[in-house]
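First the proteins, then the strands, lettered A, B, ... as listed; each starts at 1.
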2 protein chains.
Amino acid sequence: MAVRECRTTFVSGLDVALDVAGGKWKGLILWALSDGPKRFGQLRRCLSGVSEKMLIQHLRELERDEVVHREVHQAVPPRVDYSLTAFGATLVEALRPLSDWGTEHRSRLEAVRTAAARPAPGKTAAL
Amino acid sequence: MAVRECRTTFVSGLDVALDVAGGKWKGLILWALSDGPKRFGQLRRCLSGVSEKMLIQHLRELERDEVVHREVHQAVPPRVDYSLTAFGATLVEALRPLSDWGTEHRSRLEAVRTAAARPAPGKTAAL
DNA sequence: CCCGGCACTCACCTTTTGGTAAGTACCCCA
DNA sequence: TGGGGTACTTACCAAAAGGTGAGTGCCGGG
């Protein structure tokens, strides 16, 4: 009830976006698909380390959110193609600055965290 | 070993950035501080719903990553000011497009998810 | 004199997230 | 005949993230 200490408007935009793109593998999936449509098995091989369960789960969520399109080809061995929708492409674009930021500052962050992890390196921590 | 099915370069930029800004309240904290320095209690009131534990934990991580600055004023009632560093400001900028995207498409996403949540609205789901 | 606010810290618990491993149904190839 | 590839589903588990509530020391106000 105070005079307004802080801005509360907006706020949630980030939550919304991270709810869509915030899974462990979603960025990778989006990125892989921004290179062109891929089949399920292709994606699995691209995202080395991902389990089938997580890959499908994330793909289902991305499909529900209409950022990826799933197309089933009725064929002898099952064949499913995943691709970015136009909407998905806007998300990838919105993600890019953040990705660039991370790429640009990765080494700085690593250094800073390493330094923070060991309390007494050699010099006395002045304070 | 294949001819290269997909791009694996980069990738991690997003992971790095989300590791810094990806907590439940970090976006809110960053946003609140981008409006100007705040005291601990002020932040707590701004981010209604946050527990003290999470607020401190996130602030400590942001401080370690050098995106926020913590300044203790030796005073009769303890007084601590938190502010964005210049580095933190670059992160806020990188976050903005994503926040804008979320704000812009929130209602679309809500609609799509509501529709996906109820399998049979009125029409028989053919299949 | 006790209560509340300041800025925390700590122990414990629940929820969410991600991972493992197995099974399904079908087909081709050796 | 059976092993591998296709695209999944399911049950169970572990780890991480987040939340609750209490305690700390010091002070001013009612």
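- When rounded to the nearest whole Å, the span between CD of B/Glu52 and P of C/dA11 equals 17 Å.
- Distance, B/Leu59 CG to C/dA7 P: 11 Å, rounded to whole Å.
- When side chains are defined from C-beta on, B/Leu30 counts as touching B/Leu84, because their heavy atoms get closer than 4.5 Å.
- Proximity of B/Lys24 to the phosphate of C/dT16: no side-chain N or O atom is located under 4.0 Å from OP1 or OP2.
- The side chain of A/Arg39 approaches D/dA7 more closely than any other nucleotide in the set D/dA7, C/dC8, D/dC8.
- Nearest nucleotide to the side chain of B/Pro78, out of C/dA7, D/dC8, D/dT6: C/dA7.
- Distances shorter than 4.0 Å separate none of the side-chain N or O atoms of B/His58 from OP1 or OP2 on D/dA17.
- Side-chain proximity of B/Lys53 to D/dA7, D/dT9, C/dA11: nearest is C/dA11.
- Note on A/His73: nothing from the nucleic acid sits closer than 4.0 angstrom, heavy atoms only.
- For the pair A/Leu28/A/Leu43, no side-chain contact is recorded, criterion being any heavy-atom separation below 4.5 Å from C-beta on.
- In this structure, B/Leu47 places its CG atom 15 Å from P of C/dA7, rounding to the nearest Å.
- Between B/Ile56 atom CD1 and D/dG18 atom P the separation is 15 Å, expressed in whole Å.
- For B/Arg44 and C/dC8, the CZ to P distance is 10 Å, given to the nearest whole Å.
- Checking D/dT6, C/dT20, D/dC8 against every side-chain atom of A/Val80, the shortest atom distance belongs to D/dC8.
- Nearest nucleotide to the B/Arg60 side chain, out of D/dG25, D/dC8, C/dT9: C/dT9.
- Contact between the side-chain N/O atoms of A/Arg70 and the OP1/OP2 oxygens of D/dC8 is found at a separation under 4.0 Å.
- In this structure, A/Met54 atom CE and C/dT17 atom P are separated by 9 Å, rounded to whole Å.
- For A/Leu55 and C/dA21, the CG to P distance is 18 Å, given to the nearest whole Å.
- The shortest distance between the side-chain N/O atoms of A/Arg79 and the OP1/OP2 oxygens of C/dC26 is not below 4.0 Å.
- Note on ring orientation: taking the six-membered ring where Trp is involved, the planes of B/His105 and A/Phe87 are perpendicular (angle over 60°, cut-offs 30° and 60°).
- The shortest side-chain heavy-atom distance between A/Ile29 and A/Leu55 falls under the 4.5 Å cut-off.
- Remark: C1' of D/dG19 and CH2 of B/Trp25 are 10 Å apart, rounded to the nearest angstrom.
- At a threshold of 4.5 Å between non-hydrogen side-chain atoms, the residues B/Asp19 and A/Leu109 do not count as touching.
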